[in-house]
Amino acid sequence: MQRRAFLTGLLSLPFALTTEELRACSLAFVNDRKLAKIVVRSMDLPVALPERPKFVVFPRGQARTSQASVLPGVKGKIEGVGPDTTRWTSKYGCAAIVSFEGAASDGLNEMGLAAHMLVLDESRLEAPDKRPVLPDTHWAQYVLDNFATVNEVVDAHKEGKFRVAAAWASDLGLTQHLPTHLAVQDPSGDSAIIEYIDGKLVVHHGPEYRVMTNDPPYDQMIERVKQYAPFGGAKPLPGDETPEDRFVRLAAYSKYLPDPKTYREAVAGALSLLRIAQVPFRDPARAPDKSFWGACQTNWVTAADVTNKVYFVSSATAPSLFWLDFKSANFKPGAPVLSLDLHDPAIGGDARRFLRRWKAAA
(Lines give C-alpha, C1' and ligand atoms only; values in the text may rest on other atoms or scores of the structure.)
Protein backbone atom coordinates (compact mmCIF):
# COMPACT_ATOMS: atom_id res chain seq x y z
CA MET A 1 0.00 0.00 0.00
CA GLN A 2 2.84 2.41 0.81
CA ARG A 3 4.45 1.73 -2.58
CA ARG A 4 1.16 2.30 -4.39
CA ALA A 5 0.51 5.52 -2.50
CA PHE A 6 4.00 6.76 -3.30
CA LEU A 7 3.58 6.07 -7.04
CA THR A 8 0.14 7.62 -7.10
CA GLY A 9 1.49 10.77 -5.50
CA LEU A 10 4.49 10.90 -7.77
CA LEU A 11 2.50 10.50 -10.98
CA SER A 12 -0.13 12.99 -9.90
CA LEU A 13 2.42 15.81 -9.76
CA PRO A 14 1.69 18.46 -12.41
CA PHE A 15 3.65 18.07 -15.61
CA ALA A 16 2.99 18.93 -19.23
CA LEU A 17 3.52 16.34 -21.93
CA THR A 18 4.34 18.84 -24.64
CA THR A 19 5.54 17.84 -28.08
CA GLU A 20 9.09 18.97 -27.44
CA GLU A 21 9.36 17.36 -23.99
CA LEU A 22 7.79 14.02 -24.91
CA ARG A 23 10.37 11.29 -25.43
CA ALA A 24 8.88 7.83 -25.61
CA CYS A 25 9.47 5.07 -28.16
CA SER A 26 10.57 4.76 -31.78
CA LEU A 27 9.74 2.33 -34.58
CA ALA A 28 11.03 1.45 -38.05
CA PHE A 29 9.82 -1.18 -40.53
CA VAL A 30 12.44 -2.56 -42.92
CA ASN A 31 10.04 -3.94 -45.52
CA ASP A 32 12.05 -3.61 -48.73
CA ARG A 33 14.53 -6.47 -48.30
CA LYS A 34 14.08 -9.96 -49.79
CA LEU A 35 15.42 -12.07 -46.93
CA ALA A 36 13.12 -10.76 -44.22
CA LYS A 37 10.75 -7.92 -43.45
CA ILE A 38 11.56 -6.81 -39.90
CA VAL A 39 10.01 -4.15 -37.70
CA VAL A 40 12.07 -2.82 -34.79
CA ARG A 41 10.85 -0.69 -31.91
CA SER A 42 12.11 0.70 -28.62
CA MET A 43 10.11 1.18 -25.45
CA ASP A 44 11.24 4.39 -23.78
CA LEU A 45 9.57 5.34 -20.52
CA PRO A 46 10.33 7.55 -17.50
CA VAL A 47 12.45 5.91 -14.83
CA ALA A 48 9.63 6.39 -12.30
CA LEU A 49 7.10 4.25 -14.20
CA PRO A 50 7.06 0.63 -12.89
CA GLU A 51 6.49 -1.12 -16.25
CA ARG A 52 7.66 -4.61 -15.12
CA PRO A 53 7.59 -6.01 -18.68
CA LYS A 54 7.02 -9.72 -19.25
CA PHE A 55 7.66 -11.70 -22.42
CA VAL A 56 4.56 -13.88 -22.78
CA VAL A 57 3.49 -16.62 -25.19
CA PHE A 58 -0.29 -16.90 -25.49
CA PRO A 59 -1.97 -19.89 -27.21
CA ARG A 60 -5.19 -19.55 -29.16
CA GLY A 61 -8.50 -19.69 -27.34
CA GLN A 62 -7.77 -17.21 -24.54
CA ALA A 63 -10.96 -15.72 -23.09
CA ARG A 64 -10.41 -11.98 -22.76
CA THR A 65 -12.21 -9.26 -20.87
CA SER A 66 -11.40 -5.58 -21.24
CA GLN A 67 -11.82 -5.02 -17.51
CA ALA A 68 -8.88 -7.11 -16.31
CA SER A 69 -5.33 -8.14 -17.12
CA VAL A 70 -4.78 -10.61 -19.95
CA LEU A 71 -2.50 -12.55 -17.61
CA PRO A 72 -4.36 -15.27 -15.68
CA GLY A 73 -4.60 -14.60 -11.96
CA VAL A 74 -3.42 -10.99 -12.01
CA LYS A 75 -5.64 -8.84 -9.83
CA GLY A 76 -6.14 -5.28 -10.87
CA LYS A 77 -9.05 -3.40 -12.40
CA ILE A 78 -8.83 -1.56 -15.71
CA GLU A 79 -10.12 1.92 -14.93
CA GLY A 80 -11.71 4.59 -17.10
CA VAL A 81 -14.21 2.25 -18.79
CA GLY A 82 -17.74 1.26 -17.82
CA PRO A 83 -19.39 -2.16 -17.77
CA ASP A 84 -20.12 -2.29 -21.52
CA THR A 85 -16.65 -3.39 -22.63
CA THR A 86 -15.44 -5.64 -25.40
CA ARG A 87 -15.03 -9.37 -24.70
CA TRP A 88 -13.45 -11.86 -27.06
CA THR A 89 -11.72 -15.22 -27.41
CA SER A 90 -8.34 -15.09 -29.11
CA LYS A 91 -8.38 -16.45 -32.65
CA TYR A 92 -4.58 -16.47 -33.00
CA GLY A 93 -1.69 -17.24 -30.70
CA CYS A 94 1.01 -14.65 -30.18
CA ALA A 95 4.17 -13.69 -28.38
CA ALA A 96 3.99 -10.29 -26.74
CA ILE A 97 5.55 -7.88 -24.31
CA VAL A 98 2.99 -7.33 -21.55
CA SER A 99 3.55 -4.00 -19.82
CA PHE A 100 2.42 -3.25 -16.26
CA GLU A 101 1.13 -6.87 -16.18
CA GLY A 102 -1.94 -5.54 -18.01
CA ALA A 103 -1.88 -6.27 -21.75
CA ALA A 104 0.43 -6.29 -24.76
CA SER A 105 2.21 -3.10 -25.75
CA ASP A 106 4.09 -4.91 -28.51
CA GLY A 107 3.82 -8.32 -30.15
CA LEU A 108 3.75 -10.70 -33.11
CA ASN A 109 1.02 -13.23 -33.79
CA GLU A 110 1.26 -16.62 -35.48
CA MET A 111 0.02 -15.19 -38.81
CA GLY A 112 2.93 -12.75 -38.92
CA LEU A 113 0.92 -9.66 -37.93
CA ALA A 114 2.88 -7.32 -35.67
CA ALA A 115 1.33 -4.63 -33.46
CA HIS A 116 2.94 -1.84 -31.44
CA MET A 117 1.63 0.92 -29.18
CA LEU A 118 3.67 4.14 -28.88
CA VAL A 119 2.83 7.28 -26.92
CA LEU A 120 0.99 10.06 -28.78
CA ASP A 121 0.14 12.89 -26.41
CA GLU A 122 -2.09 14.65 -28.96
CA SER A 123 -4.36 11.63 -29.30
CA ARG A 124 -8.00 12.49 -28.64
CA LEU A 125 -10.28 9.45 -28.70
CA GLU A 126 -13.87 9.26 -29.92
CA ALA A 127 -16.71 10.60 -27.79
CA PRO A 128 -18.70 8.10 -25.70
CA ASP A 129 -21.58 6.36 -27.48
CA LYS A 130 -23.46 3.05 -27.34
CA ARG A 131 -20.73 0.89 -28.89
CA PRO A 132 -18.82 -1.60 -26.70
CA VAL A 133 -15.62 -0.09 -25.32
CA LEU A 134 -12.10 -1.34 -25.99
CA PRO A 135 -9.70 0.23 -23.45
CA ASP A 136 -6.57 1.46 -25.14
CA THR A 137 -4.53 -0.53 -22.62
CA HIS A 138 -5.78 -3.62 -24.53
CA TRP A 139 -5.68 -2.14 -28.03
CA ALA A 140 -2.62 -4.03 -29.33
CA GLN A 141 -3.70 -7.25 -27.59
CA TYR A 142 -7.10 -7.11 -29.31
CA VAL A 143 -5.41 -6.70 -32.69
CA LEU A 144 -2.95 -9.56 -32.14
CA ASP A 145 -5.71 -11.88 -30.95
CA ASN A 146 -8.20 -11.22 -33.75
CA PHE A 147 -6.56 -10.28 -37.04
CA ALA A 148 -4.20 -11.83 -39.58
CA THR A 149 -3.40 -8.90 -41.90
CA VAL A 150 -3.09 -5.14 -41.88
CA ASN A 151 -6.12 -4.93 -44.16
CA GLU A 152 -8.23 -6.75 -41.56
CA VAL A 153 -7.08 -4.38 -38.82
CA VAL A 154 -7.83 -1.28 -40.88
CA ASP A 155 -11.24 -2.59 -41.97
CA ALA A 156 -12.23 -3.41 -38.38
CA HIS A 157 -11.40 0.10 -37.21
CA LYS A 158 -13.24 1.72 -40.11
CA GLU A 159 -16.31 -0.47 -39.51
CA GLY A 160 -16.44 1.06 -36.04
CA LYS A 161 -18.00 -1.84 -34.14
CA PHE A 162 -16.01 -0.91 -31.03
CA ARG A 163 -14.83 2.35 -29.51
CA VAL A 164 -11.27 2.74 -28.25
CA ALA A 165 -11.36 4.51 -24.89
CA ALA A 166 -8.81 5.98 -22.49
CA ALA A 167 -7.91 3.62 -19.65
CA TRP A 168 -5.40 3.06 -16.86
CA ALA A 169 -4.78 0.58 -14.05
CA SER A 170 -3.71 2.08 -10.74
CA ASP A 171 -3.50 -1.34 -9.09
CA LEU A 172 -0.86 -2.33 -11.66
CA GLY A 173 1.23 0.83 -11.44
CA LEU A 174 -0.23 2.62 -14.45
CA THR A 175 -1.79 5.38 -12.38
CA GLN A 176 -2.90 7.60 -15.24
CA HIS A 177 -3.77 7.35 -18.89
CA LEU A 178 -0.94 7.24 -21.44
CA PRO A 179 -2.36 8.31 -24.84
CA THR A 180 -1.08 6.21 -27.75
CA HIS A 181 -1.23 5.49 -31.45
CA LEU A 182 -0.98 2.03 -33.03
CA ALA A 183 1.28 0.64 -35.76
CA VAL A 184 0.68 -2.70 -37.51
CA GLN A 185 2.63 -4.64 -40.17
CA ASP A 186 2.27 -7.99 -41.94
CA PRO A 187 4.34 -10.40 -44.11
CA SER A 188 3.27 -8.74 -47.37
CA GLY A 189 5.13 -5.59 -46.30
CA ASP A 190 1.88 -3.74 -45.69
CA SER A 191 1.75 -1.24 -42.84
CA ALA A 192 -0.69 1.09 -41.13
CA ILE A 193 -0.52 3.85 -38.53
CA ILE A 194 -3.81 4.27 -36.65
CA GLU A 195 -4.53 7.41 -34.65
CA TYR A 196 -7.47 9.21 -33.11
CA ILE A 197 -7.14 12.97 -33.61
CA ASP A 198 -9.75 15.44 -32.37
CA GLY A 199 -12.13 12.55 -31.76
CA LYS A 200 -11.84 11.17 -35.30
CA LEU A 201 -10.20 8.00 -36.62
CA VAL A 202 -7.20 8.74 -38.88
CA VAL A 203 -5.52 5.87 -40.75
CA HIS A 204 -2.29 6.04 -42.76
CA HIS A 205 -2.26 2.78 -44.72
CA GLY A 206 0.42 1.51 -47.09
CA PRO A 207 3.93 0.04 -47.19
CA GLU A 208 5.41 3.55 -47.34
CA TYR A 209 4.51 4.19 -43.68
CA ARG A 210 7.64 2.68 -42.17
CA VAL A 211 8.63 4.99 -39.33
CA MET A 212 6.77 6.13 -36.24
CA THR A 213 7.76 7.97 -33.07
CA ASN A 214 5.45 10.23 -31.06
CA ASP A 215 4.03 13.75 -31.42
CA PRO A 216 2.90 15.53 -33.49
CA PRO A 217 0.18 13.51 -35.26
CA TYR A 218 1.42 11.58 -38.26
CA ASP A 219 0.18 13.87 -41.02
CA GLN A 220 1.99 16.81 -39.40
CA MET A 221 5.15 14.73 -38.88
CA ILE A 222 5.29 13.88 -42.58
CA GLU A 223 5.20 17.58 -43.44
CA ARG A 224 7.92 18.44 -40.92
CA VAL A 225 10.28 15.88 -42.40
CA LYS A 226 10.39 17.86 -45.66
CA GLN A 227 12.46 20.55 -43.91
CA TYR A 228 15.52 18.27 -43.80
CA ALA A 229 18.20 17.71 -46.43
CA PRO A 230 17.60 13.96 -47.04
CA PHE A 231 14.01 14.84 -48.00
CA GLY A 232 14.61 17.95 -50.11
CA GLY A 233 14.88 20.60 -47.38
CA ALA A 234 17.74 22.79 -46.18
CA LYS A 235 18.17 21.61 -42.60
CA PRO A 236 20.87 19.04 -41.76
CA LEU A 237 20.01 15.80 -39.99
CA PRO A 238 19.03 16.64 -36.39
CA GLY A 239 20.55 14.98 -33.34
CA ASP A 240 18.23 15.62 -30.40
CA GLU A 241 15.90 13.15 -28.65
CA THR A 242 12.65 14.83 -29.66
CA PRO A 243 10.13 12.70 -31.58
CA GLU A 244 10.69 14.75 -34.72
CA ASP A 245 14.47 14.34 -34.60
CA ARG A 246 14.25 10.60 -34.02
CA PHE A 247 11.71 10.24 -36.83
CA VAL A 248 13.91 12.12 -39.30
CA ARG A 249 17.01 10.07 -38.47
CA LEU A 250 15.17 6.75 -38.78
CA ALA A 251 13.53 7.75 -42.05
CA ALA A 252 16.84 8.96 -43.49
CA TYR A 253 19.07 6.08 -42.44
CA SER A 254 16.52 3.43 -43.41
CA LYS A 255 17.27 4.37 -47.02
CA TYR A 256 20.95 3.54 -46.56
CA LEU A 257 20.71 0.02 -45.17
CA PRO A 258 22.69 -2.47 -47.30
CA ASP A 259 21.04 -5.55 -48.79
CA PRO A 260 21.79 -8.38 -46.33
CA LYS A 261 23.58 -11.45 -47.63
CA THR A 262 22.52 -13.62 -44.68
CA TYR A 263 19.65 -13.78 -42.24
CA ARG A 264 21.98 -12.72 -39.44
CA GLU A 265 22.85 -9.56 -41.38
CA ALA A 266 19.14 -8.84 -41.95
CA VAL A 267 18.36 -8.92 -38.22
CA ALA A 268 21.53 -7.06 -37.26
CA GLY A 269 20.88 -4.39 -39.88
CA ALA A 270 17.36 -3.68 -38.62
CA LEU A 271 18.54 -3.48 -35.01
CA SER A 272 21.43 -1.20 -35.99
CA LEU A 273 18.95 1.23 -37.53
CA LEU A 274 17.02 1.55 -34.29
CA ARG A 275 20.13 2.42 -32.27
CA ILE A 276 20.18 5.94 -33.71
CA ALA A 277 16.87 6.60 -31.91
CA GLN A 278 17.42 4.90 -28.55
CA VAL A 279 17.81 6.88 -25.32
CA PRO A 280 20.68 5.99 -22.95
CA PHE A 281 20.31 5.49 -19.20
CA ARG A 282 20.14 8.67 -17.19
CA ASP A 283 20.10 9.76 -13.60
CA PRO A 284 16.97 11.91 -13.10
CA ALA A 285 18.93 14.18 -10.77
CA ARG A 286 21.46 14.88 -13.53
CA ALA A 287 19.05 15.23 -16.46
CA PRO A 288 18.81 18.86 -17.62
CA ASP A 289 15.07 18.43 -18.21
CA LYS A 290 13.48 18.06 -14.76
CA SER A 291 10.02 17.24 -16.08
CA PHE A 292 8.53 13.77 -15.68
CA TRP A 293 9.59 12.74 -19.19
CA GLY A 294 13.03 14.26 -18.80
CA ALA A 295 14.22 11.07 -17.12
CA CYS A 296 12.99 8.88 -19.99
CA GLN A 297 15.23 6.06 -21.20
CA THR A 298 15.03 2.97 -23.40
CA ASN A 299 13.79 -0.04 -21.39
CA TRP A 300 13.73 -2.70 -24.11
CA VAL A 301 13.85 -3.28 -27.84
CA THR A 302 12.06 -5.78 -30.08
CA ALA A 303 12.60 -6.96 -33.64
CA ALA A 304 9.60 -8.73 -35.16
CA ASP A 305 10.45 -10.70 -38.30
CA VAL A 306 7.03 -10.84 -39.93
CA THR A 307 8.37 -12.92 -42.84
CA ASN A 308 9.80 -15.85 -40.92
CA LYS A 309 7.77 -15.29 -37.73
CA VAL A 310 10.66 -14.89 -35.31
CA TYR A 311 10.38 -12.43 -32.42
CA PHE A 312 13.60 -10.97 -30.98
CA VAL A 313 13.82 -9.10 -27.67
CA SER A 314 16.66 -7.21 -26.02
CA SER A 315 16.53 -5.73 -22.53
CA ALA A 316 18.32 -2.44 -22.03
CA THR A 317 19.50 -3.64 -18.62
CA ALA A 318 20.99 -6.95 -19.80
CA PRO A 319 23.58 -7.11 -22.62
CA SER A 320 22.01 -10.04 -24.47
CA LEU A 321 19.40 -10.89 -27.08
CA PHE A 322 16.82 -13.68 -26.99
CA TRP A 323 14.27 -14.85 -29.51
CA LEU A 324 11.35 -17.17 -30.16
CA ASP A 325 11.04 -18.93 -33.50
CA PHE A 326 7.33 -19.57 -33.98
CA LYS A 327 8.01 -22.87 -35.75
CA SER A 328 8.84 -24.25 -32.30
CA ALA A 329 6.04 -22.51 -30.38
CA ASN A 330 2.86 -24.27 -29.22
CA PHE A 331 -0.13 -22.05 -29.96
CA LYS A 332 -2.74 -24.82 -29.80
CA PRO A 333 -5.82 -24.15 -27.64
CA GLY A 334 -5.27 -25.50 -24.16
CA ALA A 335 -1.50 -25.06 -24.27
CA PRO A 336 -0.11 -23.25 -21.21
CA VAL A 337 0.58 -19.54 -21.14
CA LEU A 338 4.37 -19.20 -20.90
CA SER A 339 6.46 -16.27 -19.76
CA LEU A 340 9.85 -14.97 -18.75
CA ASP A 341 11.23 -11.79 -17.21
CA LEU A 342 12.85 -10.02 -20.13
CA HIS A 343 15.19 -8.11 -17.78
CA ASP A 344 16.65 -11.33 -16.33
CA PRO A 345 20.42 -11.08 -17.08
CA ALA A 346 20.70 -14.87 -17.36
CA ILE A 347 18.47 -15.02 -20.42
CA GLY A 348 19.91 -15.12 -23.93
CA GLY A 349 19.51 -17.08 -27.15
CA ASP A 350 16.56 -19.38 -27.79
CA ALA A 351 13.76 -18.34 -25.41
CA ARG A 352 12.44 -21.92 -25.18
CA ARG A 353 15.15 -22.72 -22.65
CA PHE A 354 13.85 -20.06 -20.26
CA LEU A 355 10.08 -19.96 -20.76
CA ARG A 356 8.06 -21.25 -17.84
CA ARG A 357 4.35 -21.68 -17.21
CA TRP A 358 2.88 -18.33 -16.19
CA LYS A 359 1.97 -18.03 -12.54
CA ALA A 360 0.70 -14.81 -11.00
CA ALA A 361 2.49 -13.58 -7.90
CA ALA A 362 0.66 -14.37 -4.68
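Through chains of ILVMFWY side-chain contacts below 4.5 Å, M111 is grouped with Y92.
Residues F58 and R64 have side chains in contact (heavy-atom distance under 4.5 Å, counting atoms from C-beta outward). Side-chain contact check for V279 versus C296: every heavy-atom pair is 4.5 Å or farther apart. With contacts defined as side-chain heavy-atom distances shorter than 4.5 Å, the pair Y263/N308 qualifies. Between V154 and V184, the closest side-chain pair of non-hydrogen atoms is not below 4.5 Å.
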Checking D106 against W300 for the side chain to side chain contact (heavy atoms under 4.5 Å, CB included) test, could you report, in this order, the C-alpha distance in whole Å, the side-chain angles of both residues, the deciding distance, and whether it holds? CA-CA 11 Å; D106 191 89; W300 47 264; 3.7 Å; yes
Go through it in stages, so that I can follow the logic: the residues are D136 and Y196, the test is side chain to side chain donor-acceptor pair (under 3.5 Å), and I'd like the CA-CA distance, side-chain angles, deciding distance and then a yes or no. CA-CA 11 Å; D136 55 2; Y196 289 92; over 6 Å; no
I'd like to know whether M212 forms a side chain to side chain contact (heavy atoms under 4.5 Å, CB included) with C25, so could you lay out the CA-CA distance, the side-chain angles of the two residues, the decisive distance to 0.1 Å, and finally the verdict. CA-CA 9 Å; M212 187 169 87; C25 314; over 6 Å; no
Given side chain to side chain contact (heavy atoms under 4.5 Å, CB included), test V70 with H138 step by step and report yes or no. CA-CA 8 Å; V70 299; H138 288 49; 4.0 Å; yes
Do V203 and I193 pass the side chain to side chain contact (heavy atoms under 4.5 Å, CB included) test, and can you show the C-alpha distance, the side-chain angles, and the key distance before you say yes or no? CA-CA 6 Å; V203 178; I193 310 297; over 6 Å; no
Derivation and outcome, salt bridge (charged side-chain N to carboxylate O under 4.0 Å, His left out), residues K200 and D198: CA-CA 6 Å; K200 303 293 184 182; D198 295 327; over 6 Å; no
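Note that R224 lies outside the cation-pi zone of F247, set by a 6.0 Å cut-off to the ring centre and a 45° limit from the axis. Geometrically, K226 does not engage F231 in a cation-pi contact, judged by NZ or CZ lying under 6.0 Å from the ring centre and within 45° of the ring axis.
A side-chain donor from one of H205 and D190 sits under 3.5 Å from a side-chain acceptor of the other. A side-chain N or O of N299 and one of E51 form a donor-acceptor pair less than 3.5 Å apart. In summary, the side chains of S99 and S105 do present a donor paired with an acceptor at a separation below 3.5 Å, with no hydrogens or angles considered. In summary, the side chains of D186 and S188 do present a donor paired with an acceptor at a separation below 3.5 Å, with no hydrogens or angles considered. A donor and an acceptor atom, one from each side chain of T213 and R246, are nowhere located under 3.5 Å apart.
The two residues A114 and A304 come nearest to each other via the heavy atoms CB-CB, 4.2 Å. The two atoms that bring V301 and T298 nearest to each other are CG2-CG2, 4.1 Å, heavy atoms only. Nearest heavy atom pair, residue N31 against residue P207, reads ND2-O, 2.9 Å. Here the closest non-hydrogen pair linking V133 and S66 is O-OG, 3.9 Å.
Without hydrogens or angle criteria, R249 side chain to P238 main chain gives a donor-acceptor distance under 3.5 Å. Here the side chain of W358 pairs a donor or acceptor atom with the backbone of P72 at under 3.5 angstrom. Here the side chain of T307 pairs a donor or acceptor atom with the backbone of K37 at under 3.5 angstrom. A side-chain donor-acceptor contact under 3.5 Å links R41 to the backbone of M117. Counting only distance, with no hydrogens or angles, the side chain of T89 and the backbone of A63 share no donor-acceptor pair below 3.5 Å. Under the 3.5 Å distance criterion, the side-chain polar atoms of D240 are left unmatched by any main-chain donor or acceptor of D245. Using modelled atom types, one side-chain atom of K255 and one backbone atom of P230 make a donor-acceptor pair closer than 3.5 Å. In this structure a side-chain-to-backbone donor-acceptor pair under 3.5 Å is present from E195 to Y218. Formation of a donor-acceptor pair under 3.5 Å by the S69 side chain with backbone atoms of L71 is found in this model. Listed for the T175 side chain is no donor-acceptor partner under 3.5 Å among the backbone atoms of S170.
Checked for salt-bridge contact, K309 and E110 miss the test: no charged N lies under 4.0 Å from a carboxylate O. With respect to the salt-bridge test (charged N to carboxylate O, under 4.0 angstrom), the residues R352 and D350 qualify.
Both V313 and L45 are members of a single hydrophobic cluster when ILVMFWY side chains are connected at heavy-atom separations under 4.5 Å. A continuous path of ILVMFWY side-chain contacts below 4.5 Å connects V202 to L120, so both sit in one hydrophobic cluster.
Between the CD1 atom of I194 and the OG atom of S123 there is a distance of 12.0 Å, given to the nearest 0.5 Å. Separation of atoms CG (L342) and NZ (K54) is listed at 8.5 Å; rounding is to 0.5 Å. Between the OH atom in Y311 and the CG atom in D325 there is a gap of 14.5 Å [rounded to 0.5 Å]. Taken to the nearest 0.5 Å, the CG atom of L172 stands 7.0 Å off from the CD atom of E101. Between R163 atom CZ and L134 atom CG the span is 10.0 Å, to the nearest 0.5 Å. One finds the CH2 atom of W168 at 10.0 Å from the NZ atom of K77 (value rounded to the nearest 0.5 Å).
Residue-environment remark: CZ (R353) exceeds the threshold of 12 foreign heavy atoms within 6.0 Å.
Of the candidates F312, F55, F354, F322 forms a ring pair (Phe, Tyr, Trp, His ring centres under 6.0 Å) with just one, namely F55.
A perpendicular orientation is assigned to the rings of Y142 and F147, their planes being inclined by more than 60° (bins at 30° and 60°).
Annotation: side chain to side chain contact (heavy atoms under 4.5 Å, CB included) contacts of S272 (sequence neighbours excluded): L257, R275.
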